[in-house]
Amino acid sequence: MTTPESALQGKSFAKTYFPPVRLAVSGLFLLNGTFAGAWATKIPEFATRLGLSESGLGLMIMFFGIGSLVLMPIAGFLIAHFGTTRTVKGATILFLSTMLLLSIAPNIPVGAVAIFFFGGLMGAMDVAMNGNAVEVEKSMRRAIMSSCHAFWSLGAFIGAATGGFLIEALGVMGHAGLLTVIGAAALLVIWPFVLHDAPHPNDERQKVRLPTTLLPWLIGLMALFSMVPEGAILDWGALYMRDELGATLGLSGFAFGAFSLTMAVMRFAGDHVRDRFGAVKTLRFCTIMAMIGMVIAGTAPNAYVAMAGFAICGVGISNMVPIAFSAAGNLPGFAQGVALSVATVMGYSGSLFAPSVIGFIAEHTSFAIIFAMMPVLFIVVLLLAHHAVHADVRDHR
């Protein structure tokens, strides 16, 4: 039986654990992830519409990465000068229009421009919302980064699982229009509750530059090799399932969908695991799980085994990236957003540029071989895992 005291404790727990600022930044991650998942299902149609081969699509995806590398550092410097709140709101408004641009692109030049801004604004929003999550962590004095990324993965699963069916039912423009309207409505709800932060007056202006010390770059390298496989699954998982394992269009979308679902589940638990066992042990365990899952996916005899492998890989990668971003966001001696922008730029360059290279390699080998060889990158993450200790230090300014 519920007593007034227990009800009061429940409200207090919800207020402490899920204040509006945490729900708001989680909503931003959900929104960003939904668009990413929707893009994963749109890739085969996008390639067919523009007449792209695997290598041509790989080259087009490179514009996605170039856009991110251009706009993500700019977002980091904007955060240092204006705070995460204004930066994330501005980036999100611009990002919401990009799915429509991708859907109306009639030829390769227009498609390249559209994918440049899609990747760039997705990355700028990503830097800003990760920065805002770091600020919420500091204000709450507890880890929330993994659960924020869980909402991204949940959004990616929703976007990937529904994208193929919605495109078949509503058409390319109908799918893009529905997604844009829903995204705009969600942003209106989230807008008033985003944590308001300002530039730190004690941050010296000369600190707002690329770091000259090695540590941020090592953490960035850790993020890089954690995200290369994620980008490979996002951009090539559906084609691998369809072309090499004989999956249907609807089923092929679940390559990234299965990966995103298990990633979301484990990220919701990741903050508690990290608080109990520490970031270093958590990162090492996750890295080993990711290695196992990727080998299974790459050696799979059919689409269903590959889906299981991608799902196990999602369990592993789930908390690797959030830990790296938290470590970068809490490094002492750097202006707000700068060390984090280094980690995000390096990390996302892996998920954005590596798939372009994979497209060229796949024409001469196979996606199966590529996925099976991905665990080599995780060995580097294991060697650098001790630097994740900075993720456990949250400076409550």
Q: May I ask you to decide if L28's main-chain N or O and N32's side chain share a donor-acceptor pair within less than 3.5 Å?
A: no
Q | A297 backbone acceptor or donor facing Y240 side chain under 3.5 Å | A | yes
Q. Are F157 and M263 close enough that some pair of their side-chain heavy atoms sits under 4.5 Å apart?
A. no
(Q) Keeping T262 on the side-chain end and A258 on the backbone end, is there a donor-acceptor pair under 3.5 Å? (A) yes
Q | Residues that, via side-chain heavy atoms closer than 4.5 angstrom, fall in one hydrophobic cluster with V172 | A | I167
Q: Determine the interplanar angle of the F151 and F268 rings, folded into 0 to 90°, and report it as parallel if under 30°, tilted if 30 to 60°, perpendicular if over 60°.
A: perpendicular
(Q) Between R22 and E135, does any NZ, NE, NH1 or NH2 come within less than 4.0 Å of an OD or OE carboxylate oxygen? (A) no
Q.
Please check if the number of heavy atoms outside F117 that lie under 6.0 Å from its CZ is greater than 12.
A. no
(Q) Check this for me: M173, atom CE, are more than 12 non-hydrogen atoms of other residues, nucleotides or ligands nearer than 6.0 Å? (A) yes
(Q) Please check this pair: side chain of S147 against backbone of A150, looking for a donor-acceptor N/O pair closer than 3.5 Å. (A) no
**Q.** Aromatic plane relationship, F95 with F35 - under 30° parallel, 30 to 60° tilted, over 60° perpendicular
**A.** tilted
Q: Please determine, by modelled atom types, if N319 and H149 share a side-chain donor-acceptor pair under 3.5 angstrom.
A: no
Q. In Å and rounded to the nearest 0.5 Å, what is the CE to NE2 distance from M99 to H175?
A. 6.5 Å
Q | Backbone N/O of G83 and side chain of T87: donor-acceptor pair under 3.5 Å | A | yes
Q: Say whether, by atom type as modelled, one donor and one acceptor occur between the side chain of T84 and the main chain of A128 under 3.5 angstrom.
A: no
Q. Is it true that F116 and F64 have ring centroids separated by less than 6.0 Å?
A. no
